[in-house]
Amino acid sequence: MEQILRRLCAACGPSGFEVPAVLAAKELLEPLVDEVWIDRLGSLTGVIRCGKPGAKRLLLDAHLDEVGLVVTGHKDGFLRFKAVGVDPRMLPDREVVILTDPPMLGVVACLPPHVLSAEDREKAPEVKDLFIDTGLSQEEAERRIPIGTPVSYRTDFTPLGARQVCTKSLDDRACFAVLLRVAELLKGQELDVDLYILGSVCEETSGVGAQAAAQGLAPDFCVAVDVTHGRTADAPKGETYGMGGGPAVGIGPNMARWMVKRLLDKAAQLDITVQKEVMEGNTGTNGWDMQIANEGIATAIVSVPLKYMHTPVEVVELGDIEDCARLLAAFAQGIGEEGAQ
């Protein structure tokens, strides 16, 4: 699992520029499914066919895009930019990868504390006041880095303790790793549905990748697999979920009740510890849009706890990934006959 996560997360793929991430995911998915394709918007789909005429369709989705930056201009060789889902507090003195061909390195410029006023030292920086230092002249920067060039965090893959790992883009590539593991667990097993695995694009900006795929694939039921906020020492307990506490099952008005019950029942049967995440409104996941594709799709949401979301030091627990995969694999088996109409 560590090697899969290293490979997926090393690819740079901010929303709208996901091609490297999609190609890495495609290579990992192909041996596990019957067919793989990339749709017009760039989302990746693989299918495991059950071989039964008229079989229902179950769609499992995890998005492949990550937060990032986009270049908007040049000033004295420095780059102006806008953020795509990035918290500006994460940016000063951060190393980044500028996705030119070939990619270039840069650092987000910051003033040292010695030259800041006492008032400025107390303020969080705003994107409009930040620049990326490229080490280039104005002429070189304009020639080599066009406006619209995407930018990604540059970071290492770091094991933390025995069971946790830290890197960028674990939101949501840790969950695509879950889907790869589901496909591995189900390979050779009897299914009564055609199982579609989706690595969708543009979740961080609009959700159009999953929305268009759900419209085209017309599944009977779908599960959005995403991350939720992992518990840290300074986090509110009621809004975060324990690392190593198992996947979080979404409960609320936008999740099909029978699917929630099935997930909880399967967890109990397999002795998988799960957490319950009450989602009273917009879930902030692809499930929000997939549920209203076509005439409506029965939808559930399962999440992996993750610390430090939308930063270059996101952290997940490997055991939560395995338990999430085991739960979804069990959920998929027999769902065609057992699931609600």
Side-chain angles (χ1 to χ4, degrees), residues 5 8-9 13-15 18 21-22 25 43-45 58-67 84-85 165 167-182 196-211 213-214 219 221-231 239-243 245-252 254-256 259-260 263 274-293 297-311 314-318 320-325 327-328 331:
L5 290 173
L8 287 172
C9 295
S15 290
E18 298 94 345
V22 168
S43 295
L44 172 70
T45 304
L58 170 62
L59 172 64
L60 305 180
D61 163 74
H63 67 88
L64 290 171
D65 60 316
E66 62 186 283
V67 297
V84 181
V165 294
T167 190
K168 73 168 183 68
S169 63
L170 286 166
D171 173 12
D172 191 32
R173 305 209 189 129
C175 293
F176 192 80
V178 167
L179 303 191
L180 292 172
R181 179 65 175 142
V182 170
Y196 289 82
I197 291 176
L198 175 66
S200 55
V201 298
C202 291
E203 190 272 350
E204 298 292 0
T205 53
S206 63
V208 296
Q211 188 175 7
F221 8 74
C222 62
V223 182
V225 189
D226 211 326
V227 294
T228 190
H229 297 287
R231 188 163 298 139
E239 300 174 23
T240 55
Y241 299 86
M243 306 295 292
V249 176
I251 301 174
N254 292 287
M255 280 66 79
M259 293 181 74
V260 173
L263 285 164
V274 296
Q275 306 177 75
K276 297 178 181 179
E277 182 174 8
V278 175
M279 309 171 100
E280 73 283 1
N282 190 332
T283 63
T285 72
N286 279 332
W288 184 254
D289 291 315
M290 290 194 298
Q291 67 179 332
I292 57 170
I297 302 170
T299 301
I301 294 170
V302 180
S303 303
V304 172
L306 172 141
K307 295 185 286 191
Y308 322 124
M309 192 179 297
H310 287 192
T311 76
E314 294 177 336
V315 175
V316 294
E317 178 110 9
L318 296 175
D320 290 335
I321 292 176
E322 178 67 18
D323 284 346
C324 189
L327 176 60
L328 289 170
F331 177 82

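FYI, the numbering just counts along the sequence from 1.
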Report task. Check whether the side chains of Asp171 and His310 place a donor and an acceptor atom closer than 3.5 Å, and report yes or no. Result -> yes
Query raised in the report: For the atom pair CE (Met290) and OG1 (Thr299), what is the distance rounded to the nearest 0.5 Å?
Result: 6.0 Å
**Report entry** Nearest heavy atoms of Met243 and Leu306, plus distance in Å
**Finding:** SD-N, 4.2 Å
Requested in this report: Starting at CE of Met259, measure out to SG of Cys222 and round the result to the nearest 0.5 Å.
Outcome: 6.5 Å
Report summary line: Rounding to 0.5 Å, atoms CG (Leu60) and CG (Leu179) come to a distance of 5.5 Å
Query raised in the report: Are any of the side-chain heavy atoms of Glu203 and Asp226 separated by less than 4.5 Å?
Result: yes
**Report entry** Between CZ on residue Arg231 and CD on residue Gln275, distance to nearest 0.5 Å
**Finding:** 6.5 Å
Report summary line: Scanning both residues in full, the closest heavy-atom pair of Val225 with Cys175 reads O-CB, 3.5 Å
Report summary line: Correct closest heavy-atom pair for Leu170 and Val227 would be O-CG1, 4.0 Å
**Report entry** Closest approach of Thr228 to Glu277 (non-hydrogen atoms, all atoms of both residues)
**Finding:** OG1-OE2, 2.8 Å
Query - Spacing of Leu44 atom CG and Phe176 atom CZ [to the nearest 0.5 Å] - result: 5.0 Å
Report task. Check whether any side-chain heavy atom of His229 sits under 4.5 Å from a side-chain heavy atom of Glu239, and report yes or no. Result -> no
Report task. Could you give me the CA-CA distance, side-chain angles and deciding distance for Glu66 and Arg173, then say whether side-chain contact (heavy atoms from CB on, under 4.5 Å) is met? Result -> CA-CA 9 Å; Glu66 62 186 283; Arg173 305 209 189 129; 2.7 Å; yes
Report task. For residues Val274 and Leu263, determine if any side-chain heavy atom of one lies less than 4.5 Å from a side-chain heavy atom of the other. Result -> no
Report summary line: Closest non-hydrogen contact found for Glu314 with Lys168 is OE1-C, 4.0 Å
**Report entry** Side chain to side chain, Leu64 and Val201, heavy atoms closer than 4.5 Å
**Finding:** no
Query raised in the report: Is any side-chain heavy atom of Cys324 closer than 4.5 Å to a side-chain heavy atom of Val304?
Result: yes
Query raised in the report: Does a side-chain heavy-atom distance below 4.5 Å link Ile301 with Met279?
Result: yes
Query raised in the report: With a 3.5 Å cut-off and no angle check, do the side chains of Ser15 and Asp65 form a donor-acceptor pair?
Result: yes
Report task. Apply the test side-chain contact (heavy atoms from CB on, under 4.5 Å) to residues Ile292 and Ile297: give CA-CA distance (whole Å), side-chain angles for both, the deciding distance (0.1 Å), then the verdict. Result -> CA-CA 6 Å; Ile292 57 170; Ile297 302 170; over 6 Å; no
**Report entry** Ala214 versus Pro219, closest heavy-atom pair with distance
**Finding:** O-CD, 3.4 Å
**Report entry** Side-chain heavy atoms of Thr45 within contact of Tyr196, under 4.5 Å
**Finding:** yes
Report task. Give, for atom NE2 of His63 and atom OG of Ser169, the distance between the pair rounded to the nearest 0.5 Å. Result -> 10.0 Å
Query - Close side-chain approach of Lys276 and Val249, heavy atoms under 4.5 Å - result: no
Requested in this report: Verify whether one side chain among Ser200 and Asn286 offers a donor that lies under 3.5 Å from an acceptor in the other.
Outcome: yes
